[in-house]
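Just so it is clear: chains get the letters A, B, ... in the order the sequence lines come, proteins before strands, and each one is counted from 1. The model shown is predicted, which means the values in this text are computed figures rather than measured ones.
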Number of protein chains: 2
Amino acid sequence: MLKKERQEFILREINLHNKVLTSDLCEAINVSEDTIRRDLSELAETGEIIKVHGGALSKSFHVSFQSNGVYSHDNKKLIAQKAVTLIRDGMFVLTTGGTTIIELAKALPQHLRATFFTGSLPAAMEYIQHPNIEVIFIGDRISKNSKITVGGDAITKIKQINADICFLGINAIDTEHGLTDNDWDVVQVKRAMMQSSKKVVALTIAEKINSLQKIKIAGIEELDAMITDMDPGDKIFDTYKQKGVEIL
Amino acid sequence: MLKKERQEFILREINLHNKVLTSDLCEAINVSEDTIRRDLSELAETGEIIKVHGGALSKSFHVSFQSNGVYSHDNKKLIAQKAVTLIRDGMFVLTTGGTTIIELAKALPQHLRATFFTGSLPAAMEYIQHPNIEVIFIGDRISKNSKITVGGDAITKIKQINADICFLGINAIDTEHGLTDNDWDVVQVKRAMMQSSKKVVALTIAEKINSLQKIKIAGIEELDAMITDMDPGDKIFDTYKQKGVEIL
DNA sequence: ATGGTTCGTGAATGTTTTTGCGGGAAATTG
DNA sequence: CAATTTCCCGCAAAAACATTCACGAACCAT
């Protein structure tokens, strides 16, 4: 088994169970403990996992409940402000999960009357606070890391929807590889959502721009618009604009 | 269990109950008291908790109990304690929503390995905190009052399930009219859940016993058990027992 | 091909971390 | 005050870790 292959296996295992033991892994993959340790160190180096004595934990293991613990909070608020301007009364809106989407949910104006589809527990909790928004939850198995529903049932349901607009919280995007992510199940869901929407909008903080993850969701050309916390005129966006993505 | 994992567990336990006993923890996690004490010391060192003789306290405790404004909180905890004893490893469990069910979710033992089906957002948020519990969310339109999914899609999905046990948080029950509620959509869901379970258990605080609402869910005889905060030997339950309901 | 280089892995060695236990000090309770 | 519980300190064993070295694979330029 190749090194990269092995590390992806470890990553998947962690995202699945929220933790791994060094001893378990070395038995499962049949390599020495030292090799596993080296892998865990590398993955911890790039910040993909948290290494602890005896194994490693998923980053999302430590759940802080205050919203001020959200990384890059102010930037995400700004993104949310821009995003709400795209939503009109009567629209059918599809959204993923993620902290940026939560900010979007909080920024929705009181008078807005629309129907929101989501598979994200935290996002749904926000949406139902709003008096004039109807919430349809997409059911299936819930992934503990991302707190969204994943699986065939969810995807089938999403495909039955014909939404006006879809907001994607993005983990990584670059001009060459497009939208990428690191959880296979989540990728399937996002892909389905893109296909079920007339218009697809990506939300992301600046530092995730031109970064790359393991699994491809879709190419840049499938995006209609992208919203970031930066000035839309910035030259970093030139390539995106060439490929037909509107920057807000 | 990894050290960090253990400390997260302790933190969660403290934030949940505002205090912990060293002895309780060492029994729950199955390590020596010294280990627990060392953990508490470390957590106190970083200022996350307050260590006292015999255990530790939540920092926010002395600011008087901010503890949720849930009505009859302690009684519901007691009910939850009784309810968890019915759940075994590997079971498929169906639950409704409601504050009593939330307490049940919080009271689930860490080691329990089971699959939970629910249409309640708050309940699902609790379930996903537990490491060994798989959560399947039943999707459809979300009712803002009850924060659970309602509608035909949800009911269709519920009918496809074959659960071992179903926990119903109930609003009103009396010997003559059985289980009653005041939301038509919610009633449909509860009825479907009862039909999809081998065993049906009703959870309710004492004061809802022998009360009546507008819409009927089911008769007493369709209940297998009822859990309340009262003594199961109380004579108020005589009629229920006659009709074959086990009282816990 | 060939010699040199780099990379990935496993093994050997010594170090650090974690944990449980015993005994005595300190706190709590009646 | 006395009994019990809880705590603290030091120790020892086991587990996990870092470091170093050696060997073989793949790679590359000659």
Side-chain angles (χ1 to χ4, degrees), chain A residues 1-63 177 182 211-215, chain B residues 1-62 64-65 81 109-111 131-132:
Chain A
M1 188 182 252
L2 272 50
K3 181 181 169 187
K4 190 159 182 180
E5 195 182 355
R6 195 176 56 229
Q7 295 193 351
E8 274 177 37
F9 175 81
I10 294 174
L11 215 50
R12 186 165 163 70
E13 203 66 11
I14 289 184
N15 287 334
L16 217 55
H17 304 115
N18 272 326
K19 73 160 185 183
V20 286
L21 303 183
T22 312
S23 51
D24 284 359
L25 282 176
C26 90
E27 191 186 347
I29 318 185
N30 228 45
V31 289
S32 75
E33 292 209 352
D34 299 75
T35 303
I36 297 294
R37 258 193 291 275
R38 274 185 283 247
D39 284 337
L40 293 181
S41 297
E42 284 181 31
L43 291 171
E45 194 93 6
T46 61
E48 304 186 67
I49 63 171
I50 296 169
K51 194 163 163 290
V52 296
H53 198 97
L57 301 173
S58 154
K59 274 191 120 175
S60 56
F61 184 77
H62 180 78
V63 274
H177 306 89
N182 61 6
S211 71
L212 179 63
Q213 297 260 12
K214 302 295 162 59
I215 309 165
Chain B
M1 187 184 248
L2 296 160
K3 181 181 165 186
K4 185 142 186 181
E5 199 182 355
R6 196 176 56 226
Q7 296 190 350
E8 292 277 350
F9 174 80
I10 294 174
L11 260 183
R12 182 172 156 71
E13 205 65 13
I14 289 183
N15 288 333
L16 216 55
H17 305 113
N18 276 325
K19 70 165 185 183
V20 286
L21 303 182
T22 311
S23 51
D24 284 359
L25 282 176
C26 90
E27 191 188 348
I29 318 184
N30 230 44
V31 289
S32 76
E33 294 211 349
D34 296 79
T35 303
I36 296 294
R37 256 193 293 277
R38 273 184 280 248
D39 283 337
L40 293 181
S41 296
E42 283 182 32
L43 291 171
E45 194 92 9
T46 60
E48 305 186 67
I49 62 171
I50 296 167
K51 194 163 163 292
V52 295
H53 198 96
L57 299 176
S58 155
K59 273 202 134 174
S60 56
F61 184 65
H62 62 87
S64 86
F65 41 92
Q81 299 290 347
Q110 187 87 350
H111 57 78
N132 297 317

Checking understanding here: a glycosidic angle within 90° of 0 is syn, the rest anti, so what is D:dA25? syn
Are A:His53 and B:Lys3 close enough that some pair of their side-chain heavy atoms sits under 4.5 Å apart? no
Can you find a pair of side-chain heavy atoms, one from B:Glu13 and one from B:Asp24, that are under 4.5 Å apart?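 No - every pair of side-chain heavy atoms lies 4.5 Å or more apart.
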OP1 or OP2 of [N] under 4.0 Å from side-chain N/O of [X]:
X: B:Lys51; N: D:dC8; answer: yes
X: B:Ser32; N: C:dT19; answer: no
X: B:Arg6; N: C:dT19; answer: yes
X: B:Thr22; N: D:dC7; answer: yes

B:Leu2 and A:Leu21: side chain to side chain contact (heavy atoms under 4.5 Å, CB included), yes or no, with the steps? CA-CA 8 Å; B:Leu2 296 160; A:Leu21 303 183; 3.8 Å; yes
Whole-Å distance separating the [atom1] atom of [X] from the [atom2] atom of [N]:
X: B:Asp39; N: D:dC8; atom1: CG; atom2: P; result: 14 Å
X: B:Lys3; N: C:dT16; atom1: NZ; atom2: C1'; result: 12 Å
X: A:Glu5; N: C:dG8; atom1: CD; atom2: P; result: 15 Å
X: B:Gln7; N: C:dT19; atom1: CD; atom2: C1'; result: 13 Å
X: A:Arg37; N: C:dA11; atom1: CZ; atom2: P; result: 13 Å
X: A:Leu2; N: D:dA26; atom1: CG; atom2: P; result: 10 Å
X: B:Asp24; N: D:dT6; atom1: CG; atom2: C1'; result: 14 Å
X: B:His53; N: D:dT4; atom1: NE2; atom2: C1'; result: 10 Å

Which of the following nucleotides, C:dG10, C:dA27, C:dG20, is nearest to the side chain of A:Thr35? C:dG10
On DNA chain D, nearest-nucleotide positions of B:Arg38 versus B:Glu33: which is more 5'?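 The 5'-side residue here is B:Glu33.
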Select from A:Asp34 and B:Ser41 the residue whose nearest nucleotide in DNA chain D is closer to the 5' end of that strand. B:Ser41
Quick check: closest heavy atoms across A:Ile50 and A:Ser58, and the distance to 0.1 Å?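 It is CD1-O, 4.1 Å.
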Any strand is fair game: report the nucleotide pairing with C:dT6 by Watson-Crick or G-U wobble, both distances under 3.5 Å, or none. none
Can you check side chain to side chain contact (heavy atoms under 4.5 Å, CB included) on B:Thr46 and B:Glu42, steps first, answer last? CA-CA 6 Å; B:Thr46 60; B:Glu42 283 182 32; over 6 Å; no
